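None of the values given here were measured: they were computed from a predicted structure. Each chain gets a letter, A, B and so on, in the order the sequences are listed, and its residues count up from 1.
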Amino acid sequence: MALILHDTLTREPRALTPLDGKTLRFYCCGPTVYGPAHIGNFRTFVAQDVFRRTLEMGGLPTLHVRNLTDVDDKTIRDSQKAGQSLADFTRYWTGKFHADCTALNLLPPHVEPSAVTHIPHQVRMIETLVKRGHAYTTGDGSVYFKVSSFADYGRLSHLEDRELRLGATVASNATDSDEYSKDSLADFALWKARKPEDGENFWPSPWGEGRPGWHLECSAMALEYLGEDFDVHSGGVDLIFPHHENEIAQSCCATHGKFAHHWFHVTHLMVDGGKMSKSLGNLYTLEDLQKRGYSPAEVRYVLISGYYSAPLNFTFHSLDAARQALQKLAKFAKALGDAAKNNTLIPGPFQEAWDTLNSDLNVPGALGAIFATINKTKPSTLTAEQAQQAWSGLHFMLKALGLNIPAEAEEVEIPAEIIALAEARWQAKLAKDWPAADVARKELDAAGWVIKDSKDSYQVVKK
RNA sequence: GGCGGGGUAGCAAAGUGGUAAUGCACUGGUCUGCAAAACCGGUAUGCGCGGGUUCAAUUCCCGCCCCCGCCUCCA
């Protein structure tokens with residue numbers, strides 16, 4: 001079954017079949033490594049991860065390329081502020097990013113190229129664009145892409161000429177713009193001439209020392225690892241314009257290919273019903289949430305629990321709900337029994353959930369179908385074979401969604417006095433000495449332990 | 001203003017031209033000395049508002065209101 005995915009460019013759902021007939025090749029715009037990524041960033045990366053997992057579980061191999069932006073205004077500025085070299089600074093934040101990705105159970109991309117290590121590729125591309133008349137140099141040694149040279153510009157974002165011309169008018173009227181200003185405000189930098197504030201961060205080029213423009217890196221790296229034509233390009237909705245629009249323009253003008261054939265954009269995460277921002281104090285990192293006692297798996301659950309194309313409202317209540325939902329999945333898996341475990345993962349009784357997932361990555365619909373199946377499946381009534389199928393189907397879906405269900409509460413050391421207290425309470429209970437039993441239970445509670453009684457035994461667990 | 005995404009129960013969130021999945025919360029029951037835990041149930045006459053089409057609309061059409069994002073380097 002082929003995954004049906006909405007395409008931003010054609011604005012319609014389209015079945016994904018690999019251009020080369022074998023491997024689905026896709027590019028994702030990665031993070032700018034100048035600080036900790038927040039959960040909004042991760043909504044996009046997690047959605048891309050579900051995308052990849054869905055393809056692979058469906059039997060289609062992928063080639064996943066995601067870049068690291070390790071040179072731009074922000075990385076240069078903040079590395080200087082931190083008194084570090086750009087390389088040291090971005091290495092640190094790249095490490096943090098990778099740790100978060102691992103915690104969130106994101107499959108590492110097959111290729112993770114960085115802008116700094118692909119300067120020659122970018123320079124070559126600029127040379128081609130200049131040679132073909134799509135780019136021009138300015139007096140200071142910068143190079144700009146000439147937007148008016150690409151007729152299709154604006155097709156992805158559906159921006160009309162009016163908006164683009166608006167920029168041009170402003171440019172011609174600007175009195176404070178420097179003497180090297182570009183022809184049109186819509187034109188964007190491919191190569192930025194070295195400036196004093198860049199410090200040590202400059203590279204040689206045919207146009208003099210400088211550094212590459214932001215938009216170009218993705219085009220150059222996609223070309224290097226995926227070729228002139230590839231299947232899917234993905235990123236947050238905010239990148240549609242100008243970033244992806246510019247990528248299309250550069251790439252189509254520098255090659256003979258069509259660049260990405262399908263565009264997959266993930267809508268932004270909202271927090272408490274509004275935009276996430278530092279000033280509102282509602283910008284969270286994974287670390288922030290872990291400090292509050294939430295697991296990465298719970299965060300991942302929340303991030304995938306909304307349709308990728310619709311706004312998702314993040315709240316702490318939704319994290320609590322995610323915790324319970326994961327527990328419910330874990331309980332079901334456990335109730336199937338150890339004998340149900342097997343290595344064959346097929347959707348089986350969870351076929352409806354799998355179909356739903358393949359329908360434009362409808363994760364909330366798929367989760368609903370998973371729970372619906374669970375609710376009508378009574379583990380105790382299943383034959384050994386049925387239990388195995390249920391286990392297989394559940395784990396097939398969990399793998400496709402990248403959800404790790406909570407492990408059995410690992411054996412925590414229970415202090416001797418707690419064991420003694422619990423035992424005393426149990427004996428009091430057996431002796432029907434209710435007051436004494438209740439006192440013991442209260443003491444345990446105060447100490448952070450809770451009693452779970454069953455017919456003829458009990459359990460003490462940490463609160 | 002232009003473009004795009006939304007407005008469904010207390011919260012979150014699917015879905016459909018024929019009468020609303022699912023998770024949380026809430027609530028009833030079983031169990032319990034009472035609880036907790038566990039298990040079994042229940043809970044939207046209604047899908048932003050107003051019109052229209054239709055035997056039938058939350059689902060299609062028209063108008064309006066509100067929220068979010070983008071409109072030059074923010075996932």
Side-chain angles (χ1 to χ4, degrees), chain A residues 8 11 28-32 37-48 69 72-74 147 154 156-160 162-164 166-167 170-171 184-189 192 213-216 234-243 245-246 265-270 273-277 301-302 305-329 331 335 352-353 356 359 362-375 378 380 429 432-435 437-438 441-442 445 450-455 458-459 461 463:
Chain A
T8 311
R11 296 169 151 181
C28 301
C29 289
T32 300
H38 55 70
I39 54 171
N41 296 327
F42 280 115
R43 180 187 189 187
T44 300
F45 299 133
V46 168
Q48 290 162 344
T69 295
D72 77 327
D73 292 343
K74 292 181 299 243
V147 165
L156 180 71
S157 51
H158 304 100
L159 279 181
E160 298 302 321
R162 195 183 63 78
E163 278 80 33
L164 300 171
L166 197 67
V170 175
S184 159
L185 249 195
D187 294 350
F188 55 91
K192 293 182 161 188
W214 175 55
H215 303 297
L216 189 68
S234 176
V237 279
D238 56 309
L239 295 183
I240 294 173
F241 188 87
H243 186 54
E245 199 71 73
N246 291 352
H265 288 104
V266 183
T267 300
H268 280 187
L269 184 73
M270 300 203 298
K275 189 180 177 177
M276 197 167 38
S277 76
Y301 189 98
V302 171
S305 67
Y307 213 137
Y308 75 84
S309 64
L312 173 66
N313 191 20
F314 177 88
T315 63
F316 283 97
H317 184 262
S318 63
L319 273 174
D320 293 330
R323 171 169 298 174
Q324 293 308 118
L326 285 166
Q327 287 292 347
K328 185 165 178 170
L329 294 170
K331 276 175 205 159
E352 189 190 338
T356 304
S359 173
N362 184 350
V363 175
L367 286 170
I370 288 172
F371 285 108
T373 299
I374 285 177
N375 289 339
K378 308 292 174 225
S380 58
K429 178 182 150 85
K432 298 197 192 296
D433 182 357
W434 311 130
D438 287 347
R441 191 163 67 193
K442 267 185 191 156
D445 183 75
V450 55
I451 295 268
K452 291 186 183 180
D453 283 345
S454 53
K455 263 254 176 310
Y458 65 91
Q459 240 189 313
V461 295
K463 255 204 291 199

Any idea which of C73(B), U32(B), A14(B) is nearest the Trp214(A) side chain? C73(B)

So how far is it from Asn246(A) CG to His215(A) NE2, rounded to the nearest 0.5 Å? 4.5 Å

Among A38(B), G23(B), A14(B), which is the nearest nucleotide to the side chain of Pro364(A)? A14(B)

If we call it a pair only when both distances are under 3.5 Å in a Watson-Crick or G-U wobble match, what pairs with C70(B)? G2(B)

Taking atom P in both A75(B) and G15(B), what distance in whole Å separates the two? 28 Å

Assuming nearest nucleotide by heavy-atom distance, tell me which of Gly368(A) and Lys331(A) is located more 5' along RNA chain B. Gly368(A)

Assuming nearest nucleotide by heavy-atom distance, tell me which of Ala321(A) and Lys378(A) is located more 5' along RNA chain B. Ala321(A)

Across the strands shown, which category fits Gly236(A) at heavy-atom distances under 4.0 angstrom: base, sugar-phosphate, nothing? sugar-phosphate

Under a 3.5 Å distance rule, please check whether Glu245(A) uses its side chain to pair with a backbone N or O of Ser157(A) as donor and acceptor. yes

Quick check against the 3.5 Å criterion: does Asn375(A) have a side-chain atom that pairs as donor or acceptor with the backbone of Phe371(A)? yes

Spell out, as yes or no, whether a donor-acceptor pair under 3.5 Å connects the side chain of Asp453(A) to the backbone of Tyr458(A). no

Compare all side-chain heavy atoms of Lys452(A) with those of Val461(A) and state whether any distance is below 4.5 angstrom. yes

For nucleotides G48(B) and C55(B), find the distance between their C1' atoms and express it as a whole number of Å. 27 Å

For Asp453(A), which contact category applies under a 4.0 Å heavy-atom criterion: base, sugar-phosphate, or nothing? base

Would you mind classifying the nucleic acid contact of His38(A) as base, sugar-phosphate or nothing, using non-hydrogen atoms under 4.0 angstrom? base

Atom CG of Asp320(A) and atom P of G23(B) are separated, to the nearest Å, by 17 Å

Quick one: does Asp438(A) reach the base of G33(B) with a side-chain donor-acceptor pair under 3.5 Å? yes

Spacing of the C1' atoms in A57(B) and U45(B) (rounded, Å): 14 Å

Please name the nucleotide paired to U54(B) by Watson-Crick or G-U wobble geometry with both distances under 3.5 Å, or report none. none

C74(B), U32(B), U22(B): which one has an atom nearest the side-chain heavy atoms of Asn375(A)? U22(B)

Using whole Å, what does the distance between atom P of nucleotide A12(B) and atom CG of Leu312(A) come to? 10 Å

Can Arg441(A) and Asp438(A) be counted as an ion pair, charged N to O under 4.0 angstrom? yes

Answer with base, sugar-phosphate or nothing: what part of the nucleic acid does Gly235(A) contact at a heavy-atom distance below 4.0 Å? sugar-phosphate

OP1 or OP2 of G15(B) less than 4.0 angstrom from a side-chain nitrogen or oxygen of Asn362(A), does that happen here? yes

Can you tell me, in whole Å, how much space there is between the P of A12(B) and that of G52(B)? 32 Å

Just the rounded figure in Å: distance from P of C70(B) to CG of Leu156(A). 16 Å

Taking the C1' atom of each, how far is C66(B) from A36(B), in whole Å? 44 Å

Ranking G4(B), G33(B), U22(B) by distance to the side chain of Arg11(A), first place goes to G4(B)

Within the structure shown, what part of the strands sits under 4.0 Å from His243(A) by heavy-atom distance: base, sugar-phosphate, or nothing? nothing

Scan Tyr307(A) against the nucleic acid and name what it touches under 4.0 Å (heavy atoms): base, sugar-phosphate only, or nothing. sugar-phosphate

Just checking Ile370(A): base, sugar-phosphate only, or nothing, at a heavy-atom cut-off of under 4.0 Å? nothing

Watson-Crick or G-U wobble mate for G42(B), both contacts under 3.5 Å: C26(B)

Taking any heavy-atom pair under 4.0 Å as a contact, classify Asn313(A): base, sugar-phosphate, or nothing. sugar-phosphate

What class does the angle between the rings of His243(A) and Trp214(A) fall in, given that below 30° is parallel, 30 to 60° is tilted and above 60° is perpendicular? parallel

Taking the same atom, P, in C70(B) and in U59(B), what whole-Å distance lies between them? 30 Å

Take atom P in C62(B) and the same atom in C3(B), then report the distance between them in whole Å. 14 Å

Nearest of U22(B), G33(B), U72(B) to any side-chain atom of Pro242(A)? U72(B)

Using a 4.0 Å heavy-atom cut-off, does Lys192(A) contact any base of the nucleic acid, only the sugar-phosphate backbone, or nothing at all? base

What integer number of Å spans the P atoms of U43(B) and A21(B)? 10 Å

Just checking Leu239(A): base, sugar-phosphate only, or nothing, at a heavy-atom cut-off of under 4.0 Å? sugar-phosphate

Answer with base, sugar-phosphate or nothing: what part of the nucleic acid does Arg441(A) contact at a heavy-atom distance below 4.0 Å? base

Of the candidates C24(B), G5(B), A36(B), the side chain of Thr267(A) sits closest to G5(B)

Per atom distances to the Ala186(A) side chain, the nearest of U72(B), C24(B), C74(B) is U72(B)

Can His317(A) be classed as stacking with the base of A12(B), given a centroid separation cut-off of 5.5 Å and a plane angle cut-off of 30°? no

Hey, does Phe188(A) reach any base, or is it just sugar-phosphate, or nothing, if we go heavy atoms under 4.0 Å? nothing

Across the strands shown, which category fits Ser318(A) at heavy-atom distances under 4.0 angstrom: base, sugar-phosphate, nothing? nothing

If we only count heavy atoms from C-beta on, is the Ile39(A) to Val302(A) side-chain gap below 4.5 Å? no

Counting heavy atoms from C-beta on, name the nucleotide in C24(B), C68(B), A37(B) closest to the side chain of Lys452(A). A37(B)

